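These numbers were taken from a predicted model, which means no experiment stands behind them. Naming: A, B, ... by sequence-line order, numbering from 1 per chain.
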Protein chains: 2
Amino acid sequence: MSMDRRSGCPINLSLEVFGDRWSLIILRDMIFGGRRHFRELLNGSMEGIASNILADRLKRLMGLGILTKADDPSHKQKAIYSLTEMAITLVPILAHLGAWGRVWLPVSAELSIRAELLEKGGPQMWDKFMDELRHEHLGMPLDTSAGPSVRATLQAAYEAVVAGKAPGASPAA
Amino acid sequence: MSMDRRSGCPINLSLEVFGDRWSLIILRDMIFGGRRHFRELLNGSMEGIASNILADRLKRLMGLGILTKADDPSHKQKAIYSLTEMAITLVPILAHLGAWGRVWLPVSAELSIRAELLEKGGPQMWDKFMDELRHEHLGMPLDTSAGPSVRATLQAAYEAVVAGKAPGASPAA
DNA sequence: CAAACTGATTGCTTTTTGCAATCGGTTGCA
DNA sequence: TGCAACCGATTGCAAAAAGCAATCAGTTTG
């Protein structure tokens, strides 16, 4: 919530939504990590988000229409968080943000391989990924066999780097 | 400064740089508004930044290598802030951020015309704009006459909308 | 010499962030 | 049936950041 509306500038309004240290981290973990539950986001967060902040941001993102929440039929207490189309269209922004960080900031090799592949894949890969997310989160049909999923591809590359057999990059240790 | 290094993830590191409500606003005003001086940024800011926060962010962005400061020869007290290449390569991110905000947030017509044109111009227009910024801020040569500058084009469109004779859009009032 | 302007700085209050502990309810297992 | 582990949060508290208003010393302008 908390729509300040400091101005109607698109960049300012986007910043009022994402101008904090956690909202995009949560969306990153949902989009690239495939996390859907509170505990997954809490314990799987590499940066160590606190539970009250996670709860606050989930609430806020729901209020903004970026996430939705539904009951998990397998567990009466479990909630499943889903991305809306609004969130899925952030993929190009996250790709650019990762690409920029990879060039200018002290990223680690393991964690930047995903950003590198996503950058090389370009808009075509981003579109494919967004279609996969629409399938997972919105129940949209997935077009006929387009090979391994983007997330699986990124994950496999990450694991290869961790294992020290980086394809095209020098081993970390 | 304040490099937490919560993790070496490119998106996280980018967020540690821009995950606040003001840093990108300042860069937006420098990039699209052409502002170079403290007072220009302070008084020209549509969102009303406070002087202490502006001073803090300028210092921080300099420490990160995103801005540089130089004396203005015409005025012994005046400082000129310049974008580094690191800042100039943010243009695509700002373009995407503006495009996303324009679609999903309650932007005003006057302030979103720039984002619209920049989106339609695509990477080609962004590259041209970045070259112009390199010329202004880094003293790089500008390639032979490529028509009116991107900033001038955006500014003209903005003024046209304000004047109510929006090309292709309905008048605001 | 005075007024206006330069890039800031200081003191202060309000708001946000982040940590640690905890909550009531659910589930799985012995 | 009991009980530990897990579920999505909530609460209390301290620290940090944001934001406001006033002010600063030096510079330029008139």
Intra- and inter-strand pairs of DNA chain C in dot-bracket (Watson-Crick or G-U wobble, both distances under 3.5 Å; | for another strand)
||||||||||||||||||||||||||||||
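Residue A:Lys69 is the one, among B:Arg39 and A:Lys69, whose nearest nucleotide of DNA chain D lies closer to the 5' end (criterion: closest heavy atom).
One N or O on the side chain of A:Asp20 and one on the backbone of A:Trp22 form a donor-acceptor pair closer than 3.5 Å. Between the A:Ser7 side chain and the B:Glu47 main chain, no donor and acceptor come within less than 3.5 Å of each other. Side chain of B:Ser14 to main chain of A:Leu97: a donor-acceptor pair is present (N/O by atom type, distance under 3.5 Å, no hydrogens or angles). The backbone N or O of A:Met86 lies less than 3.5 Å from a partner atom in the side chain of B:Trp100, making a donor-acceptor pair. Within the 3.5 Å criterion, the main-chain N or O of B:Gly65 finds a donor-acceptor partner in the side chain of B:Thr84. Put simply, the side chain of B:Arg102 never gets that close to the backbone of B:Glu119: no donor and acceptor are under 3.5 Å apart.
At whole-Å resolution of the value, CD in B:Glu47 and C1' in D:dG19 are 15 Å apart. Across the protein-nucleic acid pair, B:Leu54 atom CG and D:dG19 atom C1' stand 13 Å apart, rounded to whole Å. A straight line from CE of A:Met62 to C1' of D:dG8 spans 10 Å, rounded to a whole angstrom. Atom C1' of nucleotide D:dA5 and atom CG of A:Asn43 are separated by 13 Å, given to the nearest angstrom. Here the P atom of nucleotide D:dT10 and the CZ atom of A:Arg57 are 14 Å apart, to the nearest Å. Between the C1' atom of C:dG7 and the CG atom of B:Leu67 lies a distance of 15 Å, rounded to the nearest Å. Across the protein-nucleic acid pair, B:Arg35 atom CZ and C:dT6 atom P stand 14 Å apart, rounded to whole Å. Here D:dA14 presents its C1' atom at 13 Å from CD1 of A:Ile53, a figure rounded to the nearest Å.
Considering only side-chain atoms of B:Ala79, the nucleotide from C:dG7, C:dT17, D:dT10 that sits closest is C:dG7. Nearest to the side chain of B:Ala50, among D:dC20, C:dT9, D:dC7, sits D:dC20. You'll find that the side chain of B:Lys78 is closest to C:dT6, out of D:dG19, C:dT6, D:dA17. For A:His37, taking side-chain heavy atoms from C-beta onward, the closest of the listed nucleotides D:dT10, D:dG8, C:dT6 is D:dG8.
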Polar atom pairs (N or O), protein with nucleotides 12-15 of chain C, under 3.5 Å:
none

All N/O pairs under 3.5 Å across the protein-nucleotides 26-30 of chain D interface:
unit_1 : atom_1 : unit_2  : atom_2 : d
D:dG26 : N2     : B:Gln77 : OE1    : 2.6
D:dG26 : N3     : B:Gln77 : OE1    : 3.2
D:dG26 : N3     : B:Gln77 : NE2    : 2.9
D:dT27 : O4'    : B:Gln77 : OE1    : 3.0
D:dT28 : OP1    : B:Lys76 : N      : 2.9

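In this structure, B:Trp22 does not reach the D:dA17 phosphate: none of its side-chain N or O atoms is under 4.0 Å from OP1 or OP2. Residue A:Arg21 has no polar side-chain atom (N or O) positioned under 4.0 Å from OP1 or OP2 of C:dT16.
Contacts classified as side chain to side chain donor-acceptor pair (under 3.5 Å) and involving residues 33-46 of chain A (residues at least two apart or in different chains) are given here: A:Arg36-A:Ser82.
Taken together through direct or relayed side-chain contacts under 4.5 Å among Ile, Leu, Val, Met, Phe, Trp and Tyr, A:Phe32 and A:Ile80 form parts of separate hydrophobic clusters.
B:Phe38 CZ to B:Lys78 NZ: the interatomic distance, rounded to the nearest 0.5 Å, is 14.0 Å.
The aromatic rings of A:Trp126 and B:His96 stand perpendicular to each other, their planes meeting at an angle above 60°, with 30° marking the opposite boundary.
Residues forming a salt bridge (Lys or Arg N to Asp or Glu O under 4.0 Å) with B:Arg114 (at least two apart in sequence, or on another chain): none. Partners of B:Asp29 according to the salt bridge (Lys or Arg N to Asp or Glu O under 4.0 Å) rule, which considers only residues two or more places apart in sequence or in another chain, do not exist here.
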